[in-house]
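Quick notes on the structure that follows.
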Amino acid sequence: MATLPNPLPLLDLPPGTLVDTTIDDPWHEPLLWYADEQAQPGDWARLRTTGRPLGLLPVLVDGGRRNQWPEDWDLDPAGTSYPGDHDAEDVLGEFWEEYASDELEDGADWPGLAPAPSTDASGTPDELAAEMADQLTDGARMALVPARRSADIPAAIGWSGPLNYENDVARLCTVLRSWEDRFDIRVVALGFDTLTVSVGRPPTTAAEARALASEHFAFCPDNIDAGPSNGLDAYAEKYLLGQETWSFWWD
């Protein structure tokens, strides 16, 4: 689901693959382009500069341990709605009600959205995203996606990484939009079932981090349940407080 006219078929791109493969029939236009060669530091920033005026945004793609690249990701653009048609508070609240009572010891009521951090970012979100991307180039390749904003990248390609948790990734992109607004996140990397974002305005107090931890649980319970942290307090302290990247994985 591209939200802008798709220039990918018309561009003179470096050696790579235009992906139109979906879980059903080939899509009517390329969903993304990704490079043949491993990404290098500086590539993310360069592609953003050249792609943004054309309605294209960069993201790193990772084949992972199974060497699964985007044509093998079971992309489902036909089954993906539009992120702007949903509300982040409603989406997270629904997930919380469904999973928190069974998987969290305290079974507390949904606390609502966390406030934006009180401290301003030290740089621009895109500068930080470029720095984070440069640290994640090992084994990854650069991709360009027709999308209006970074948070929409998973929906724009019909990404099915969270399929066992949520069939319509646009609902999760609605949350990513909210995090863009409050925490200056950018979608930096995607794998078959993994998502990494840079965070321009991370929580700077324990209270801010703990409030956000509830959102992370609702967004991706596996981060807490299947991860090394022991509950929301420990997760907030180790993975959210002052952290400039957030990573998610769905089983």
Side-chain angles (χ1 to χ4, degrees), residues 1 73-77 79-117 149-197 199 202-203 207-241 243 245-251:
M1 181 199 66
W73 284 3
D74 295 334
L75 301 178
D76 187 20
T80 304
S81 62
Y82 178 61
D85 290 340
H86 309 282
D87 178 80
E89 175 90 47
D90 291 343
V91 169
L92 290 173
E94 290 172 17
F95 285 142
W96 181 271
E97 293 299 326
E98 184 173 354
Y99 293 97
S101 60
D102 294 333
E103 301 188 36
L104 292 179
E105 292 183 2
D106 56 15
D109 293 336
W110 166 238
L113 296 182
R149 52 191 292 180
S150 179
D152 291 356
I153 286 174
I157 66 173
W159 185 60
S160 59
L163 184 61
N164 293 333
Y165 184 62
E166 170 55 57
N167 291 336
D168 184 2
V169 73
R171 283 165 47 85
L172 296 182
C173 288
T174 300
V175 178
L176 293 175
R177 282 184 168 202
S178 181
W179 288 349
E180 267 191 352
D181 295 338
R182 287 178 289 147
F183 302 100
D184 285 345
I185 69 104
R186 294 291 186 268
V187 174
V188 171
L190 287 174
F192 178 79
D193 54 8
T194 59
L195 166 69
T196 301
V197 305
V199 188
E208 290 175 348
R210 179 58 179 80
L212 177 60
S214 296
E215 292 190 36
H216 276 229
F217 174 84
F219 186 80
C220 181
D222 287 335
N223 264 30
I224 290 86
D225 294 336
S229 64
N230 184 21
L232 294 182
D233 290 334
Y235 178 83
E237 180 179 1
K238 184 172 183 181
Y239 296 102
L240 300 181
L241 186 60
Q243 297 299 310
T245 58
W246 301 339
S247 295
F248 303 94
W249 165 77
W250 290 266
D251 189 2

Nearest 0.5 angstrom please: [X] [atom1] to [Y] [atom2], how far?
{"X": "Thr194", "Y": "Trp250", "atom1": "OG1", "atom2": "CH2", "result": "8.5 Å"}
{"X": "Asp85", "Y": "Arg171", "atom1": "CG", "atom2": "CZ", "result": "12.0 Å"}
{"X": "Leu241", "Y": "Arg210", "atom1": "CG", "atom2": "CZ", "result": "13.5 Å"}
{"X": "Cys220", "Y": "Leu195", "atom1": "SG", "atom2": "CG", "result": "8.5 Å"}
{"X": "Tyr165", "Y": "Asp251", "atom1": "OH", "atom2": "CG", "result": "13.0 Å"}
{"X": "Leu113", "Y": "Leu92", "atom1": "CG", "atom2": "CG", "result": "6.5 Å"}

For a 4.5 angstrom cut-off between non-hydrogen side-chain atoms, does [X] reach [Y]?
{"X": "Ile153", "Y": "Leu190", "result": "yes"}
{"X": "Ile224", "Y": "Leu232", "result": "yes"}
{"X": "Trp179", "Y": "Trp246", "result": "yes"}
{"X": "Phe183", "Y": "Val197", "result": "no"}

If we ignore hydrogens and angles and just use 3.5 Å, is the side chain of [X] paired with the main-chain N or O of [Y] as donor and acceptor?
{"X": "Asn223", "Y": "Ser247", "value": "yes"}
{"X": "Gln243", "Y": "Thr245", "value": "no"}
{"X": "Trp96", "Y": "Ala108", "value": "yes"}
{"X": "Thr174", "Y": "Ala88", "value": "no"}
{"X": "Thr80", "Y": "Ala155", "value": "no"}
{"X": "Glu215", "Y": "Ala114", "value": "yes"}

Practice item. Mind telling me whether Phe248 and Phe219 have parallel, tilted or perpendicular rings, with 30° and 60° as the class edges? Key: perpendicular
Check your understanding: Between Glu89 and Trp110, does any side-chain donor sit less than 3.5 Å from a side-chain acceptor?
Key -> yes
Point to revise | Pair Ser160-Asp76, side-chain donor/acceptor within less than 3.5 Å | key: no
